[in-house]
Amino acid sequence: MNLDFTDAENAFREEVRAFVREKLPVAIRDKVSRGLHLTRGEHLQWQRLLYERGGWSGPGWPKAFGGPGWSPVEQYIFEEECALGGAPRLIPFGMKMVAPVIMAFGNATQQARFLPKILAAEEWWCQGYSEPGAGSDLASLRTRAVRKEGRHIVNGQKTWTTLGQHADWIFCLVRTDPEAKAQRGISFLLIDMKSPGITVRPIITLDGAHEVNEIWFEDVEVPAAHLVGEENKGWTCAKFLLSHERSNIAGIGIAKRELARLKHIAAAETKRGRPLIEDPLFAARLAEIEIDLMALEITNLRVLSAEAEKRAPGPEASILKIKGTELQQAISELILQAVGPYALPFAGAAPGPAHAANRAAQYLNLRKLSIYGGSNEIQKNIVAQMILEL
Amino acid sequence: MNLDFTDAENAFREEVRAFVREKLPVAIRDKVSRGLHLTRGEHLQWQRLLYERGGWSGPGWPKAFGGPGWSPVEQYIFEEECALGGAPRLIPFGMKMVAPVIMAFGNATQQARFLPKILAAEEWWCQGYSEPGAGSDLASLRTRAVRKEGRHIVNGQKTWTTLGQHADWIFCLVRTDPEAKAQRGISFLLIDMKSPGITVRPIITLDGAHEVNEIWFEDVEVPAAHLVGEENKGWTCAKFLLSHERSNIAGIGIAKRELARLKHIAAAETKRGRPLIEDPLFAARLAEIEIDLMALEITNLRVLSAEAEKRAPGPEASILKIKGTELQQAISELILQAVGPYALPFAGAAPGPAHAANRAAQYLNLRKLSIYGGSNEIQKNIVAQMILEL
Amino acid sequence: MDFSLSEEQRQLEETVRRFMAKDYAFEKRRVIRDSAEGWSREAWQALADLGLLALNVPEEYGGLGAGPVDTMVAMNALGPGLLLEPYLASAVVATALLRECPQHAGLMEQMAAGECIAVLAHDEPGARGDPGYVATRCRPAGTDFQIDGRKCVVGHAAAADWLIVSARGEDGDIVLFLVPLDTPGLSLDGYPTLDGTRAAEVHLTGVRLPETARLDADREVLGRALDIGLAALCAEAVGIMKAALDATVDYLRTRQQFGQPIGRFQALQHRAADMLMHYEQAKSMSTLAAMRCTSKDARERRRALSAAKVTIGRAACFIGQQAVQLHGGMGMSDELVVSHWFKRLTAIELMFGDTDTHLQQFIEISAQS
Amino acid sequence: MDFSLSEEQRQLEETVRRFMAKDYAFEKRRVIRDSAEGWSREAWQALADLGLLALNVPEEYGGLGAGPVDTMVAMNALGPGLLLEPYLASAVVATALLRECPQHAGLMEQMAAGECIAVLAHDEPGARGDPGYVATRCRPAGTDFQIDGRKCVVGHAAAADWLIVSARGEDGDIVLFLVPLDTPGLSLDGYPTLDGTRAAEVHLTGVRLPETARLDADREVLGRALDIGLAALCAEAVGIMKAALDATVDYLRTRQQFGQPIGRFQALQHRAADMLMHYEQAKSMSTLAAMRCTSKDARERRRALSAAKVTIGRAACFIGQQAVQLHGGMGMSDELVVSHWFKRLTAIELMFGDTDTHLQQFIEISAQS
């Protein structure tokens, strides 16, 4: 038993750290540090820099598809160092979601057509899973595709589509057999966002951001070549995807970065003439979070290590999702408290200290963490039923 | 709107306080203050003193049956002052449980036979509700009674019977119609504990106490006269009883007394050379409890006040039960922390300060609060389904 | 002991409720919020016409001379509609201050009529809920006073005709001045706040004021007005919590997943039960705050108010977060009112001293004997 | 990074597990607990025969020279059986102390063989988890030392042949003495503790000891031994928590109410999930504690250990309470082992400094740079 990283892993960490320090554009780092949303161009700029470094834009990708072929621990180190260095989160929809599905279930033509452009950040993908009536309960989705002359004609609506306004492609779960029940009769389609009949409508969230969208499909034609896997067997892809998107789900790197920010703010703010960080009650709340994060980091490494040994990765990721999102939310809440009344100015106003700007919007925005990607309630169901077998 | 008690209520409070101060035997007060279990005789002694004061042993009883005919607010004041004055909790099984059932559903003969002896503390009652297979789910009980020559022959087992070892009588829910489903076919019987065929077996609990029992019935003969209400309609009595036992369920008086004890201990104990009560973290934990108790006291009075105006009392009692038991448990937990390592000595050992003796046993014992009388999980079901109509 | 409302209070509640439902619906509020001023003179006048602005004005000055329970009733009913106008700031806090200063009876009458608005500018950077923290300086300048300093996150400052500015005199005492908004040397730097209202940084640079601008009010009077404001804020929060709870329960009843209403899932039932318990405890403490906020016993008053703010802060956080959580993605949307309730509850937590500040105050007051 | 156990560690785990299952079943433990001594020399000898008492003894003194991970493995497996014998006190803490004092190699060999037991008597009334709090006095008396003081809640004191007593010398330093139990002036006042073990107050009145009784160990050595003990205690707790979690999940699967296993109720499923998450976090921190408890970097070591005790204290409280709660009435019964796990977990929370003490230590250590 050994909790230390190997020399090779430490060297790798240094390599990533140096890369982020040298290559991450200052403007992007600054926006991330202020909790601001990046433009499409900024996201792509960073992904391309990673791509040029040797396929680092696909940290989970095998070498066969142009990725770096990293172990789970290396991927963990990479994502942690990116977060600590102030890099933006990699947009997961292409790289972490649709790509593994195309690798596993797509044919050679699909792999050749789509994968290189995902890795090279030439095409932006978004996700067509949730529907107004099907959130956690994906099996009840109603967007339908009818086969007609070698094409699928798609009608319906997807929602909560993150950054769909930037997307070139969307991968969709659609119902292809209206008679089949629940998970059966669903197919996995790749759809060009420029197809006639697609409408993207912004959803403005409580923080005032345009991060999610409704996507409407009206007689949208999809070539048969863009069906992944077998027709009516899309649930296999869906399940596969759901388990793959969960790597690095705990967000340890981001939590560490935000905890450091919290400490920085609490050292700068004063309460009764002393640094807030020395207030015993505040210090205790902070320490509780810090200790929980220490524990979660080790729990995460334990899961990774089991994964590396090819033992079950699976439902343990739900624990990481619950605890990781709770911690990120708790940190953002304590940041709000640390900032105090200057957390109230909103929508870009920054009359207080620089560290106060945008913190309320960030707190509000992060409420999504316990809702999306399978709500934390659903994750607890998974823990109880899949791990504890209740 | 007025949060103050009326002059008459304040005078009543003084009257109760003076009575407790003068009449409560010192030995009993002392045992209560040390968290020790009283003997049968000590319980009865206090109840008789109350009885002699004018039926105060039945604070919820109407004058027609010899009780004091108090309003809900007066009952609240009475129980609070008894608790604050260090009096033991009145054993509820006769006075608060079976008596209201006999008043509402019993015939005149039953009322004349049983009620006076309950009020005068001449007969001790216990409760035969729970069974090994029927805890929260009372409707699944299996103790059965077969009618034979004007008698019921009872066979089966009851469990968790509090202080059954002291009891002269037990009231039981028994299944009289084995064909009927769930709540139907159940009857409410009064059974003499001296009847042949009854065996009482102690259950020792985690604190080492003998407070609960198993009661076994083997061909126990119960005269037909001891059936309350109609045969097979016992569920009506059961539901009625469950709602009546819930007066003063929040235990505000006890919580206040124990909170005062906690403060006393925390003022006497030291941490790093200062009184523990001045430790900022400990003080915060204590204040959180104290504030929650302030709120619950008002919530309780709001419920009482609605009850007095004949508006719905009902399911709101579940809120009082949950919050009240959580508070009592939280106080006992903080007492344990305040006492520190001297909380470890057990089973009467008291090598540390006097205030440390028996505190661990009390903490352990109070875990029952969230389990019995309808577990707190069941109470939350009631809140969700009966109040929120989910 | 009597928790019932009087007939007048019931009517007041009904009046406010009807006004908010009819004339201040959520879509109308959105239009007002997005307007240049961010509040509506028309709505303000409507509140005046209903007598609501006169509620806290003593009868001798033409008001209704109502008490804190009436204010509680009004704030409770105003809460769910998320009023953007300075009711709390002007009609409660500033009025509570001015009514102790008889020389300003005329101003109060104008305020009651909706003709002018006054707002307290007291908080400063670094105060963090400590009402005694005032770094703004006041010194004699001939027969005038000169004020220099900065007030932060002053709600509704730009809507006000008058600011009531606190400053520290050379003797260390806190003094209050009534300052017209167009006074030379006074400048505002306005911005929106997270709850959709507007606030401003108030800069005072060499502001000259005559002796008559000085209020006949000391730190005690200021403290009492703030306490009345805090009790009213608690009542507003309770009104919002009730609305958020009701909407969430309603959503749980109707939203279907896995073939049944999600309100059938026990974990969500228990969460809703926890929300209700937070709400009931908060309501109890809001009632206590209303009953005690005018108490002459300062220790009892401050203890009750700090306890109330702790309870309400906790409840606001839990109910706000869970209302969003249980609404799922819909709870995150700007389109539904639930996220706006959450934002106002979040703002309330940070106002008048946050939860931990009041927890510590409660500990300190309790330790005094 | 490697979380796997070595082949030897797996064997050690299996050995302990088999011994506890076969020779230390719950009913057997009850008999031992209720015996006059409250522990079993036979079981102790069996542990010696298995080599477990030699685990922490360096190889040069005839031991196995194992490290803290091996101790973690052993404590983990010992935990669920609720061993009544002084394994932690003698075979871990006292051994960790003595192995830094080469002059006592002989004693260690005897301890490894199960022939004698040594126990640290360090805590005093008022210490409250502060390892530096020692009021027991030591002063020169001719060529001897005289010790006066009181040690409190000394676990297994009556079972020991030797006590290792800490005292404060006249120069203010902490010194340690090896004191035979039959030394004149040393008296025990024994009692049972809530976890079923025995402890005693140790009174030292004019105890005279020769220079040779003094250990070549200072406060640092004591601190290191206590840290090794704390890491072992954490591992014991983790073993108990796992057992309590498994038993609870099993009960949820089998206990029927309302026509189905209660484990089908979502609120109970989520509670069990919360228990599992507490357990996983505790296990992670126990691992960290084992890896860091012998670290030479005192700051890193103390920080990791305090964080571990906080995590394990929280988890022990939650899992212990919920194991009882989810067992319903059965959880309250002395007959089932679940209540005994709960009691041991409760005791562990109070030992080696409670949760808040370590939270505060974590804050202080973290603030040092």
Side-chain angles (χ1 to χ4, degrees), chain B residues 130 132-137 139-140 159-160 182 203-212 269-273 276 279-282 285 329 333 336-337 339-353 359-361 363-365 367-368 370-372 375-378 380-381 384, chain D residues 123-130 133 150 152-153 155 189-197 199-201 255-259 262 265 267-268 271 317 320-321 324-336 338-340 342-343 346-347 349-357 359-360 363:
Chain B
S130 293
S136 298
D137 178 17
S140 71
T159 192
W160 310 122
I203 299 175
I204 304 303
T205 44
L206 75 178
D207 53 336
H210 172 201
E211 203 178 24
V212 286
E269 291 282 340
T270 56
K271 181 166 184 175
R272 300 182 170 191
L276 177 62
D279 176 77
L281 204 46
F282 190 90
R285 302 201 192 287
Q329 291 180 335
E333 200 171 330
L336 209 67
Q337 185 184 329
V339 166
Y342 270 128
L344 293 173
F346 203 62
R359 293 303 155 208
Y363 164 73
L364 297 173
N365 182 274
R367 299 314 306 171
K368 72 187 177 192
S370 48
I371 296 172
Y372 76 3
S375 73
N376 284 13
E377 288 81 8
I378 296 284
K380 282 199 188 173
N381 288 350
Chain D
D123 275 354
E124 301 191 10
R128 207 169 257 286
D130 173 5
Y133 184 99
R150 173 179 178 179
C152 76
V153 200
D189 173 12
Y191 45 81
T193 55
L194 77 87
D195 52 11
T197 63
E201 300 300 291
R255 168 77 172 169
Q256 303 266 331
Q257 290 276 275
F258 305 103
I262 58 174
F265 290 103
L268 305 194
R271 197 85 53 83
C317 176
Q321 290 181 353
V324 169
Q325 179 73 21
L326 296 183
H327 274 83
M330 295 306 295
M332 293 289 293
S333 158
D334 181 71
E335 222 171 288
L336 261 66
V338 63
S339 70
H340 297 262
F342 173 46
K343 290 200 278 187
T346 303
E349 260 192 275
L350 295 169
M351 292 166 67
F352 284 77
D354 68 10
T355 304
D356 276 357
T357 299
L359 188 63
Q360 286 165 331
I363 292 167

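Below, chains carry the letters A, B, ... as their sequence lines are ordered, and counting in each starts from 1.
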Given a strict heavy-atom distance threshold of 4.5 Å, which part of [X] is in contact with chain D: side chain, backbone, both, or neither?
X	answer
B:Tyr372	neither
B:Val212	neither
B:Pro353	neither
B:Ala347	side chain
B:Ala134	backbone
B:Asn381	neither
B:Leu336	both

Measure [X] against the heavy atoms of chain B and call it side chain, backbone, both or neither at under 4.5 Å.
X	value
D:Met330	both
D:Asp354	side chain
D:Phe342	side chain
D:Leu268	side chain
D:Ile262	neither
D:Ala347	both
D:Gln257	both
D:Thr346	side chain

*Check against side-chain hydrogen bond (donor to acceptor under 3.5 Å, both in side chains), D:Gln321 and B:Gln329*: CA-CA 11 Å; D:Gln321 290 181 353; B:Gln329 291 180 335; over 6 Å; no
*Quick check: does any side chain N or O of D:Lys343 sit under 3.5 Å from a backbone N or O of B:Leu206, one acting as donor and the other as acceptor?*
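Checking the backbone N and O of B:Leu206 against the side chain of D:Lys343, a donor-acceptor pair under 3.5 Å is found.
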_With B:Ser375 via side-chain hydrogen bond (donor to acceptor under 3.5 Å, both in side chains) - residues at least two apart_ = B:Glu377
